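Reviewing the structure listed below.
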Amino acid sequence: MADAYAWFLAWRYLWARRITLIGMGGVALAVWALIAVIAVFSGFIGEIRAGARRASPDLLLTEVKPECDFAVVAPILQRDPDVVAVAPRVHQDAVIAAYGRHARYVQATRPVETSPLSRNFVRVLGIDVAAETRASDLVACLQLRPEDSHLQVPDLEHPFDLPREDMERALRAASPDLRTPLVGKLDGLVMSVRRLTRGEPIERGSRIDVVAGRFVHSPDGGTEVGASRRPTVLTGAFACNHRIFDDVAVLADIEFVRGLLGYAADESDIELCTSVAIRVRPGADLDGVARRLAAAVHDVSGGRVLTWEEQNSTFLSAVDQERRMMKICLFAVMLVAGFLIYATLHMMVMQKVRDIGILTSMGGTGRGVQTIFLVGGLAIAGVGSAIGVVAGVASALYLNPINDFSRRTFGRELFPTDVYALNQIPYELDGRWIVQVVVAAIALALIVAWLPARRAARLNPVEALAKA
């Protein structure tokens, strides 16, 4: 057990030297940054992962052979005991031409900008709504927030339909030179809220022409690239909050997309699919099921079966890598705080040489002298960590009110929520991470305090008094 005087002298030395406040401030700043910044970063990552999960099925059979027939593949997939439901998908890259209520073209390509929202290129994803509802959570993205209710599809069970009066209005608004039929029904298209509020200024009920390329047989028996242009009407919007998916994808009925590719239901004898969404039972091993299914359909459709994380692997690995790099950078701040503690205690030892000589000549032990400065480092780290924890937690909890105040008062946001397509700044306070930060701060303080403490403990009392 350390000598009793060590604790008393440690407190007196710290209290008498206000420079120790710099060390405490450095530790507090480092702990605050590690808690507050990582909490916000983890919140963003949580939102990103949640958005990716909503937009992605448990498993996805993709990269299948050309003219893959869902009617042939589905029974094979459904034989697996862990498979709950499957749904066909057909995707096709296309160009869209959007028109307002009065058939006026309202959006043009702006090649200077790089955002997909500023261009007419999209990936049309054709889905069977009934099957997709059972196989993934994608259809749930059609349920919008109250502030976006003006873009809500009229019927969640039939998202690509409009009420009769709205459909008639869309047909009447079409320009004759675009050869739009004045009777009948236009196919529906659903775009993301993000695209409709930050990109094309079009409303529900507006006309959108979809232009896609496809391979067709030429008169000489060869193959050439042709173009297919189909008029559609915007029936509403979806919001998965998956940045990449929301920026690029538009949803349509699967038969419409098959028709774009020349596989209309009344003209083709196959149920074309370019991928298959697969839902598995809760608790199943996704990797194991994916391997089994890939082997089962290898000879029929080929392709790969990807888990939802593998479908977004590039995106998710990038943000996880950014979080790791952020932790490394913030720990550098902790190292600076440790250097401040070392410099403070080293200066204290140099200035207290005479006191150390007197103390040891009166019977003070080397262990007791060493404890004085170790306790000093522990106190600096402990108080600084406590302040940092309180500040870090409070910063995370009150970040949104502070951000709102800054926006109202100064017209600037600390974190522009519009850029990240979020209503508020997300955060995630992890108790284990907070404990790890505090333990690391205290451990670092004890390590750097041990160096000057060891030097003080080894001072010869006679030499110390002589130097003094």
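These numbers come from a predicted model, not from an experiment.
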Open item on the list: Strictly distance-based, threshold 3.5 Å: is any side-chain N or O of Arg54 a donor or acceptor partner for the main-chain N or O of Cys240?
Closed with: yes

TODO: Using atom types as modelled and distance alone, determine if a side-chain donor or acceptor of Arg281 lies under 3.5 Å from a backbone N or O of Asp82.
DONE: no

Open item on the list: Are Arg89 and Leu125 packed together at the side-chain level, in the sense that at least one heavy-atom pair is separated by less than 4.5 angstrom?
Closed with: yes

Task: Side-chain heavy atoms of Trp433 within contact of Ile38, under 4.5 Å - done: yes

Task: Shortest non-hydrogen separation from Val27 to Ala381 and the atoms involved - done: CG1-O, 3.8 Å

TODO: For residues Leu196 and Ala237, report the shortest heavy-atom separation together with the two atoms involved.
DONE: CD1-CB, 3.8 Å

Task: Side-chain heavy-atom pair Thr307, Asp287 within 4.5 angstrom cut-off - done: yes

- [ ] List the steps and the verdict of side-chain contact (heavy atoms from CB on, under 4.5 Å) for Asp155 and Asp161.
- [x] CA-CA 7 Å; Asp155 187 350; Asp161 292 340; over 6 Å; no

Task: Under the salt bridge (charged side-chain N to carboxylate O under 4.0 Å, His left out) test, residues paired with Asp80 that sit two or more places apart - done: Arg292

Task: For Val124 against Ala94, the heavy-atom pair lying closest together - done: CG2-CB, 3.9 Å

TODO: Please report the closest heavy-atom contact between Leu61 and Ser301, naming both atoms and the distance.
DONE: CD2-OG, 3.9 Å

- [ ] Quick one: pull up CG in Leu234 and CZ in Arg204 and give me the separation to the nearest 0.5 Å.
- [x] 8.5 Å

Open item on the list: Evaluate Val276 against Val297 for side-chain contact (heavy atoms from CB on, under 4.5 Å), listing each step before the verdict.
Closed with: CA-CA 12 Å; Val276 179; Val297 300; over 6 Å; no

Task: Nearest-0.5 Å distance, CD1 of residue Ile254 to OG1 of residue Thr274 - done: 8.0 Å

TODO: Show the numbers, then the answer: is there a side-chain contact (heavy atoms from CB on, under 4.5 Å) between Ile96 and Val211?
DONE: CA-CA 6 Å; Ile96 59 172; Val211 183; over 6 Å; no

Open item on the list: To the closest 0.5 Å, what do you measure between OG (Ser275) and CZ (Phe70)?
Closed with: 10.5 Å

Task: Heavy-atom closest contact (Pro88 atom, Glu132 atom, distance) - done: O-OE1, 4.2 Å

Task: Other residues, nucleotides, ligands: >12 heavy atoms within 6.0 Å of Glu157 CD - done: no

Task: Residues forming a salt bridge (charged side-chain N to carboxylate O under 4.0 Å, His left out) with Glu255, sequence neighbours excluded - done: Arg258

Open item on the list: Just so I know, are the side chains of Leu429 and Leu397 near enough to count as touching, which here means a heavy-atom distance under 4.5 Å?
Closed with: yes

TODO: Only pairs at least two apart or in different chains count here, so list each salt bridge (charged side-chain N to carboxylate O under 4.0 Å, His left out) that has a residue in residues 26-44.
DONE: none

Task: Pairs where residues 60-71 contributes a residue and the test salt bridge (charged side-chain N to carboxylate O under 4.0 Å, His left out) is met, not counting sequence neighbours - done: Glu63-Arg304

Open item on the list: Test of understanding: with side chain to side chain donor-acceptor pair (under 3.5 Å), list the residues that count as partners of Asp58, not counting sequence neighbours.
Closed with: Arg53

Task: 4.5 Å side-chain heavy-atom contact, Leu59 and Leu286 - done: yes

Task: Leu251 side chain near Pro159 side chain, heavy-atom distance below 4.5 Å - done: no

Open item on the list: Within this structure, what is the CZ-OG1 distance for the pair Arg279 and Thr133, rounded to the nearest 0.5 Å?
Closed with: 9.5 Å

Task: Over all atoms of both residues, closest heavy-atom pair of Ala284 and Val289 - done: CB-CG2, 4.3 Å

TODO: Check the pair Val139, Leu156 against side-chain contact (heavy atoms from CB on, under 4.5 Å), reporting the backbone distance first and the verdict last.
DONE: CA-CA 8 Å; Val139 177; Leu156 291 175; over 6 Å; no

Open item on the list: I'd like to check the side-chain contact (heavy atoms from CB on, under 4.5 Å) partners of Pro163; sequence neighbours left out, ordered by chain and number.
Closed with: Pro154, Glu165, Asp166

- [ ] May I have all residue pairs that pass salt bridge (charged side-chain N to carboxylate O under 4.0 Å, His left out) and include part of residues 432-446, sequence neighbours excluded?
- [x] Asp430-Arg432

Open item on the list: Keeping Arg195 on the side-chain end and Asp247 on the backbone end, is there a donor-acceptor pair under 3.5 Å?
Closed with: yes

Open item on the list: Going by side-chain hydrogen bond (donor to acceptor under 3.5 Å, both in side chains), name the pairs with one or both residues in residues 388-399, residues two or more places apart or in two chains.
Closed with: Trp32-Ser395

Task: Pairs meeting criterion ring-ring contact (aromatic ring centres under 6.0 Å, His included) with involvement of residues 231-257, two or more places apart - done: Phe238-Phe245, His242-Phe315

- [ ] Return each pair, listed once, that meets side-chain hydrogen bond (donor to acceptor under 3.5 Å, both in side chains) where at least one residue sits in residues 380-394; pairs must be two or more places apart or across chains.
- [x] none

Task: Side-chain donor or acceptor of Gln311 paired with backbone N/O of Pro57 under 3.5 Å - done: yes

- [ ] Please answer whether the main-chain N or O of Ala39 pairs with a side-chain N or O of Ser42 as donor and acceptor at a distance below 3.5 Å.
- [x] no

Task: Rounded distance (nearest 0.5 Å) linking atom CD1 of Ile208 with atom OG1 of Thr232 - done: 5.0 Å

Task: Spacing of CZ belonging to Arg243 relative to OG belonging to Ser192, to within rounding of 0.5 Å - done: 10.5 Å

Open item on the list: Taking Gly259's backbone N and O only, do any of them form a donor-acceptor pair with Arg230's side chain (distance below 3.5 Å, no angle check)?
Closed with: yes

- [ ] Check ring pair (Phe, Tyr, Trp, His ring centres under 6.0 Å) between Phe160 and all other residues, then give those that pass, not counting sequence neighbours.
- [x] none

- [ ] Just jot down the side-chain contact (heavy atoms from CB on, under 4.5 Å) partners of Ala294, sequence neighbours excluded, or say none.
- [x] Val305

